[in-house]
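To start, the structure under review is shown below, and the notes come after it.
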Amino acid sequence: MRPVELVFAVGWASFWLYWLIAALSTKRSRVPWSRELRIRAVLAVIVILLVRLGAFRGHGVHTDPWRETLGLVLFGLGLAFAIWARVHIGRNWGTPMTQKDEPELVTSGPYRLVRHPIYSGILVAGIGTALALNWMWLIAVALAAIYFSYSATVEERYLTEQFPDAYPPYRRSTKMLVPYVF
């Protein structure tokens, strides 16, 4: 394993470990599992099939140091942005498409830049991983983007119901995933 691969492995593992630990301090929530479980199951099956077929092995870009460096920078910035958003939203955070008891609308910090900064940060980190290690990781990034876009749409319907006066203006003034673009 090359040193850069080790950095990514440790970085992703640390990020997800932090994520699991941080999840213990959130407000109670409800997940409407019926519809959402289907999309999660389909994506899990696709990822398992890709891993079993070896899609992420042996297709490295054998990058120049500048690609590895740029990938590491994107990876670090993406994870830092996602963590900033997670810390900023605090106990209001929940897994995708959950409905919180006693929700609060958070529009400050990273949420003033995009409505779903956690998703944005994870996607940027994934692009950095693909750039530095293996172009096949773009498959995982694309699947995550599809899932996050779907999750964001479901979450926004819920937020519009919960905050009919505050959420629509926030939605109009702030892009979903990419500041000033989308």
Side-chain angles (χ1 to χ4, degrees), residues 1-48 50-51 56 71-134 137 139-156 158-159 162 176-177 179:
M1 180 179 279
R2 298 178 312 155
V4 71
E5 292 171 323
L6 183 61
V7 169
F8 279 97
V10 170
W12 278 115
S14 298
F15 174 76
W16 291 116
L17 179 62
Y18 160 73
W19 219 252
L20 290 173
I21 292 168
L24 299 174
S25 66
T26 62
K27 293 179 181 178
R28 288 189 47 207
S29 60
R30 300 175 310 281
V31 178
W33 284 102
S34 60
R35 182 179 57 215
E36 287 70 22
L37 183 59
R38 287 192 299 257
I39 191 166
R40 291 174 182 175
V42 167
L43 289 175
V45 167
I46 291 170
V47 169
I48 290 168
L50 288 170
V51 169
F56 302 113
L72 283 167
V73 167
L74 289 173
F75 175 73
L77 290 174
L79 290 188
F81 193 63
I83 290 169
W84 178 33
R86 171 61 184 89
V87 168
H88 192 75
I89 199 169
R91 294 189 65 227
N92 290 298
W93 176 81
T95 57
M97 298 175 278
T98 56
Q99 297 176 2
K100 289 291 178 193
D101 293 339
E102 302 176 31
E104 297 172 42
L105 181 60
V106 178
T107 60
S108 59
Y111 293 87
R112 73 177 178 271
L113 301 173
V114 289
R115 296 190 309 266
H116 301 278
I118 293 172
Y119 298 161
S120 298
I122 292 171
L123 291 172
V124 168
I127 290 168
T129 303
L131 181 63
L133 297 183
N134 183 326
W137 277 104
I139 295 170
V141 173
L143 290 173
I146 291 166
Y147 177 68
F148 290 160
S149 294
Y150 174 75
S151 296
T153 302
V154 171
E155 291 166 6
E156 290 189 353
Y158 169 68
L159 289 168
Q162 290 297 308
M176 182 185 282
L177 295 170

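- Using a 4.5 Å heavy-atom cutoff, the side chains of W19 and W93 are in contact.
- In this structure, the side chain of R86 engages the main chain of G90 through a donor-acceptor pair within 3.5 Å.
- Looking at every heavy atom in both residues, F81 comes nearest to S120 through CE2-CB, 4.3 Å.
- In this structure, N134 CG and E5 CD are separated by 9.0 Å, a value rounded to the nearest 0.5 Å.
- Looking at E156 and H116, their side chains come closer than 4.5 Å, going by heavy atoms from C-beta outward.
- Using a 4.5 Å cut-off on side-chain heavy atoms (C-beta onward), P117 and I89 make no contact.
- A125 and L79 make their closest contact through CB-CD2, 3.7 Å (heavy atoms, listed as atom of the first residue, atom of the second, distance).
- Here the CD1-CD1 distance, from I83 to I118, works out to 10.0 Å after rounding to the nearest 0.5 Å.
- Of all the heavy atoms in R2 and L133, the pair that sits closest is NH2-CD2, 3.9 Å.
- Residues W12 and F8 keep their aromatic ring centres 6.0 Å or farther apart.
- Judged purely by atom type and a 3.5 angstrom limit, S25 uses its side chain to pair as donor or acceptor with the backbone of A22.
- Proximity of Q162 to L105: side-chain heavy atoms (C-beta onward) are nowhere separated by under 4.5 Å.
- Across H88 and G109, no two heavy atoms sit closer than the pair NE2-N, 3.5 Å.
- The two atoms that bring M176 and V114 nearest to each other are O-CB, 3.6 Å, heavy atoms only.
- Note: L77 CG to I127 CD1 = 12.5 Å, rounded to the nearest 0.5 Å.
- Here CG of L177 is found 12.5 Å from CG of L113. Values are rounded to the nearest 0.5 Å.
- F148 contributes atom CZ, which lies 11.0 Å from atom CG of L143 (distance to the nearest 0.5 angstrom).
- In terms of heavy atoms, V141 sits closest to L123 at O-CD2, 3.7 Å.
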